[in-house]
Amino acid sequence: MSQEHLCVASVPLFAHLDIEEQRNINQLVTHQVFEKGKQIMTPDGDPQLVVIAHGSMKMYQLSASGREQLLRVVGPGGYEGENLLLDARNENLFGEALEKTEACLLAYEDFQQLLLTSPPLSLKLLKMNAGKMMQIERQTQFLTMEKVEERLVTYLLNICKATESTQVDIPMKMKELASFLGTTPETLSRKWKWLEHEELIQRKGNKINVLDKEALEGYL
DNA sequence: CCATTAATTGTCG
DNA sequence: CGACAATTAATGG
């Protein structure tokens, strides 16, 4: 009983539905715990909707050279795989647990059936996907930039804008940020040093203090 | 403590 | 800039 973590009720995607529907969905859903580092989604796995209940999952692609490109991190309440369910398979997309993570899995057929029988759910999915789309567009803007420092500066300024502060706390390991920005930890480390040397920022571990936002914008 | 992983630094192509 | 190696720092048992 206490084991009923009911991700269905706690997840935005399903939260607004009435009890009847939630119970229905909950019956179709499978709960599974993934240890840190375990693959949650692979290109050749069964198509399914993955909803994160606890923990987090990183989504990434592998480049031709085998380097991984971090796309995003899905936290509690987030979901992934809806495009697989809509027949858009990505042959190079992986999801991996960043920590011990509990997920709720919904099979392809079941989810499709749900969409057919529940217009509210379909609508909610569309709305939430619109939000996801914006993040993806933001990620795309990185990929179109040639220089690493442009991507890094864009990343920094985005967070500044979002938090309305010049104090930026990098929410991931440098290794992962490097992957997110499409570069290597070595290059990233050198870019930090350069920005610091130019006295545009100040850094202590994952804490960045933006000293000259205007000058940074000059690099875009 | 030791072992493992992350971050940094140097050098080269 | 990325790849690789070597070194140092940080983390976790």
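In the text below, chain A, chain B and the rest are named by the order of the sequence lines, each starting its count at 1.
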Protein and nucleotides 9-13 of chain B: nitrogen or oxygen contacts under 3.5 angstrom:
unit_1: B:dG10; atom_1: N7; unit_2: A:R190; atom_2: NH2; d: 2.2
unit_1: B:dG10; atom_1: O6; unit_2: A:R190; atom_2: NH2; d: 3.0

In whole angstroms, how far is the [atom2] atom of [N] from the [atom1] atom of [X]?
X	N	atom1	atom2	answer
A:K36	C:dG12	NZ	P	7 Å
A:W194	C:dC1	CH2	P	9 Å
A:E176	B:dA7	CD	C1'	13 Å
A:N206	B:dA6	CG	C1'	11 Å
A:F180	B:dA6	CZ	C1'	20 Å
A:K207	B:dA7	NZ	P	14 Å
A:M172	B:dA7	CE	C1'	16 Å
A:W192	C:dA9	CH2	C1'	18 Å

Between [X] and [Y], is there a donor-acceptor pair closer than 3.5 Å when you use the side chain of the first and the backbone of the second?
X	Y	value
A:Q167	A:K207	no
A:S118	A:L114	no
A:R23	A:D18	no
A:Q22	A:A15	yes
A:T101	A:S56	yes

Does a donor on one side chain and an acceptor on the other come within less than 3.5 Å for A:T154 and A:Q141?
no
Within residues 145-155 of chain A, which residues have any heavy atom lying less than 4.0 Å from an atom of DNA chain C?
A:V148, A:E149
Hey, can you tell me if A:Y60 and A:F94 have their rings parallel, tilted or perpendicular (30° and 60° cut-offs)?
parallel
Closer than 4.0 Å, any side-chain N/O of A:K173 to the OP1 or OP2 of C:dA10?
no
Distance test, side-chain N/O of A:T183 to OP1/OP2 of C:dG2, below 4.0 Å:
yes
When all nucleic acid strands are considered with a 4.0 Å heavy-atom cut-off, which category describes A:G182: base, sugar-phosphate, or nothing?
sugar-phosphate
Sort and list the pairs that fulfil salt bridge (Lys or Arg N to Asp or Glu O under 4.0 Å) and have at least one residue in residues 47-58 of chain A, not counting sequence neighbours.
A:K58-A:E68
Any chance you could lay out the salt bridge (charged side-chain N to carboxylate O under 4.0 Å, His left out) test for A:K132 and A:E80, step after step, and finish with the verdict?
CA-CA 10 Å; A:K132 267 181 82 169; A:E80 198 64 42; 3.5 Å; yes
